[in-house]
Amino acid sequence: MPELPEVETFARQIKPQVLNKKIVDFNVFEKGQRLIAPTSSDEFRNRLIGSRFLSLNRHGKFLILDLDNSWQIIAHLRMSGRFTITKAKPDKHVHNRLYVKFEDSTYLNFIDTRRFATFHLIADIKNSQSLNRLGLDALSGDWTQIRLCSVLQRHSKSIYKCLLDQSIISGIGNIYANEALFLSKINPDTAAQALSQASCARLLKNIIYILSTAINFKGTTLLDNSYIDIDGGTGEFSKLLNVYARANKQCKVCGAIIKRKKVSGRSVFYCPKCQH
DNA sequence: AGGGGTACCTGCGGGC
DNA sequence: TGCCCGCAGGTACCCC
């Protein structure tokens, strides 16, 4: 589920509820043990209880929480991770994986149906392999048309695969890759290095447009409701989707039938006429 | 380098 | 109704 806009929405909603408050309790439920591996829940408790989160940042789809004792938590929500804030201790049942309790008796809860998410506790962010291999964040102000072109010049693989490659540009997932390519009128199979300057320029403009618009709409919630923000709200960008999950429906621009195909195990949606 | 496949999990919806 | 199959927003790892 969560791509950059959904992770950013969580970050914005959580920040005012958790920063600079003393942590008074922390617990991992039985089925959440792998979530925090290789660190034990005892070590997590030792580092967290009595400490405070000083800042919360996002890089790509990662959340980075800085503690006042110089330790950090690097979280990735993967397919189904999400947060809630409650005034009562969360129930043990269903998909609750862990919680952090603050001095004002609010609880930050982490829920993850599919159990792919990871919370890494590390002493020095420079040693985080997962962060070190990330490319520039898709919404970083440092992206320019020239920069994107020169990065893509180095790759013979398809532009679709490049957009999903977090080491090239970080934060874009399957939904927004499909949507950005549609708006840019680029066929997903096009070799990255074959893109013209004009195509690169359109692509960069549309990536920024799609992601920032999706943030304004609090992300995309699909039919299965697996993404819900901390207030229980749904992401309304779903209404603006042009191609994702619209196989066999009419293109909103030209009326052609939207196609779906598999590329290394993932569904790609595109309009055969607009993205010839 | 890039292509393809699998694995990690759980739940849902479609088809028979 | 009930079961089996395919599918899902992500990423790491393997072999060719």
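To find a chain, count down the sequence lines: A is the first, B the second, and so on, and within it residues start at 1. Being a predicted model, the structure only gives us computed values, none of them experimental.
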Report task. Nearest whole angstrom, please: distance from the P of B:dA7 to the CZ of A:R78. Result -> 16 Å
Report task. Identify whether any heavy atom of A:T220 sits under 4.0 Å from a base atom; if not, whether one sits that close to sugar-phosphate; answer base, sugar-phosphate or nothing. Result -> base
Requested in this report: May I ask whether A:F116 stacks on the base of C:dT11, given the cut-offs of 5.5 Å between ring centres and 30° between planes?
Outcome: no
**Report entry** Side-chain donor/acceptor contact of A:R114 with base of C:dA8 under 3.5 Å
**Finding:** yes
Query raised in the report: Which of these passes side-chain contact (heavy atoms from CB on, under 4.5 Å) with A:F237: A:N216, A:I210, A:T221?
Result: A:I210
**Report entry** Gap in Å between the two C1' atoms, one belonging to C:dT1 and one to B:dT10, rounded
**Finding:** 23 Å
Query raised in the report: Between B:dT10, B:dG2, C:dA8, which nucleotide has the shortest distance from any of its atoms to the side chain of A:H95?
Result: B:dT10
Query raised in the report: Which part of the nucleic acid, if any, lies within contact of A:L164, taking any heavy atom under 4.0 Å across all strands shown: a base, the sugar-phosphate backbone alone, or nothing?
Result: nothing
Query raised in the report: Is the distance between the ring centroids of A:F110 and A:F119 less than 6.0 Å?
Result: yes
Query - Side-chain donor/acceptor of A:S226 to base of C:dG9, under 3.5 Å - result: yes
Query raised in the report: In a check of side chain to side chain donor-acceptor pair (under 3.5 Å) between A:E8 and each of A:K61, A:Q13, A:R58, A:K218, which one passes?
Result: A:R58
**Report entry** Option passing side-chain contact (heavy atoms from CB on, under 4.5 Å) with A:I172 (candidates A:L4, A:D165, A:I207)
**Finding:** A:I207
Report summary line: Under a 3.5 Å limit on both distances, the Watson-Crick or wobble mate of B:dG11 is C:dC7
